[in-house]
Protein chains: 2
Amino acid sequence: MKSDVNKTTRGIQSRNREEVTTRILVAAEKVFAEFGYAGASISRIAASAGIPKSNVVYYFETKEALYRRVVGEIFDIWRAAADSISVDNDPIRALGEYIDTKLDLARTRPYGSKVWANEIIQRAPIVQDYLEDELRSWTENRITVIEAWVQNGQIRPISARHLLYAIWATTQHYADFTHQITTLNDGVELSDAQWEDTKTAVKDLLLSGVALPGQDGVVTDG
Amino acid sequence: MKSDVNKTTRGIQSRNREEVTTRILVAAEKVFAEFGYAGASISRIAASAGIPKSNVVYYFETKEALYRRVVGEIFDIWRAAADSISVDNDPIRALGEYIDTKLDLARTRPYGSKVWANEIIQRAPIVQDYLEDELRSWTENRITVIEAWVQNGQIRPISARHLLYAIWATTQHYADFTHQITTLNDGVELSDAQWEDTKTAVKDLLLSGVALPGQDGVVTDG
DNA sequence: GTCTATATACAGATAGAC
DNA sequence: GTCTATCTGTATATAGAC
């Protein structure tokens, strides 16, 4: 803010700023997921990032601002995952890709999913504006696409909205409820093969009711 | 504990104890759901129950003990909801009833569902024993039933485990993500008619892939 | 049984040394 | 930019008056 000094070293400092910022964001995503917003103390986030807690405050000013950054990231990632849902694409293939991508994210970014779940469970006290400004219109657009597929006779006349909710619920379940799933898997995390089985099973269960009778390609997909 | 005194009034006191205990449990379920374990202070629970906070401590001793009671209740209710999953019952009818009951509970006991979700998201720091002692064997029993249905040729050869997870995920989504669903419903809670539509849509989506080709009765059910 | 007062710990955020 | 010291508030739990 009061810059001027150290102008010559700004390049190095900027890179350092970015590195530290990223470290904090990664740590924060995990700690917010595992302890909830209230239970995630700045000192715990700092300890997880390996820096003093006042450093966290210095880079993000407040706990809430840091939290919003974390939530915003997973929100953006999920939106990009739905790119395949477009009128020009084949419905079963597009929905299958969406499920695959969401399940890959459930495995690779489980903490982000958990933070989002926590926030919604608690009635979005901090990111309600995201829901109203962005999620709402985004969702309506996807529903319009799915309804167009129904109109065109490309899929069975299912409820587009509830199909979307079912895909969200099921794919995110494998992230949010990882601990329960692991416990029911004799305490060991799902293997690569089990994750592949999961993808196949989820697509089979959710898309068999969507595909037209006799249509194939639900399970057998790259 | 050091009883003896006031023996004649014990009947009245016991009834009062039960009343107050219930008030606290109802308040606690809501507050734990809306603020998470760490964010749910005893004073907030007490305020919600309309009593002084030391009273809450008197009846439940610790915040953790109170929390365990709350989690245990929803766990028991959900187990009872799966009574219909029994080899002697018709699969599609039984699974449809299970989905209906879970969705009814999503509407009537959303806070319990949220508390459970929160606890699992945070890796069951307090009720891990429930998962290992009770949930595990209970789940395996249900999977055995569904696999028997497959063996008997009563349903398609789906993955029993992932079907169960999909039912849990989808039905609980309507409780845990109520706020998101409400926001996407223009800010108003689902109406009676919309809840009926939800039941129909969820059963249609999840059970179309389970029923044998040409089998009906998935959607058309009392 | 009920409630006030309090002990002890830790939270978020800030001031200011370096 | 980084970190120590500290201010202020609130948490759980307990002691003990009534």
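In what follows, every chain begins at residue 1, and chains take the letters A, B, ... in the order their sequences are listed.
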[atom1] of [X] versus [atom2] of [N]: gap in Å, rounded?
X	N	atom1	atom2	result
A/Arg17	D/dT2	CZ	P	8 Å
B/Glu18	C/dG1	CD	C1'	16 Å
B/Tyr59	D/dA13	OH	P	18 Å
B/Glu19	C/dG1	CD	P	13 Å
A/Phe60	D/dG1	CZ	P	13 Å
B/Asn55	C/dC3	CG	P	5 Å
B/Phe32	D/dT12	CZ	C1'	12 Å

Contact state string [nucleotides 11-18 of chain C, B base, S sugar-phosphate only, - no protein heavy atom under 4.0 Å]: SBBB----

Cationic tip of [X] above [Y] ring, under 6.0 Å, 45° of axis:
X	Y	answer
A/Arg17	A/Tyr59	no
A/Lys63	A/Tyr37	yes
B/Arg44	B/Phe35	yes

Passing candidate, ring pair (Phe, Tyr, Trp, His ring centres under 6.0 Å) with A/Trp116, options A/Phe75, A/Tyr111, A/Trp168: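 The ring pair (Phe, Tyr, Trp, His ring centres under 6.0 Å) with A/Trp116 is passed solely by A/Phe75 among A/Phe75, A/Tyr111, A/Trp168.
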
Check this for me, if you would: do B/Glu140 and B/Arg161 make a salt bridge, where the nitrogen-to-carboxylate-oxygen distance has to be below 4.0 angstrom?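 Yes, charged N to carboxylate O under 4.0 Å.
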
I'd like to know if the side chain of A/Asp176 pairs up with that of A/Ser113 as donor and acceptor (distance under 3.5 Å, no hydrogens or angles considered).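 A/Ser113 and A/Asp176 do have a side-chain donor-acceptor pair below 3.5 Å.
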
May I ask you to verify if any side-chain N or O of B/Asn16 is less than 4.0 angstrom from the OP1 or OP2 atom of C/dT2?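 Answer is yes, contact under 4.0 Å.
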
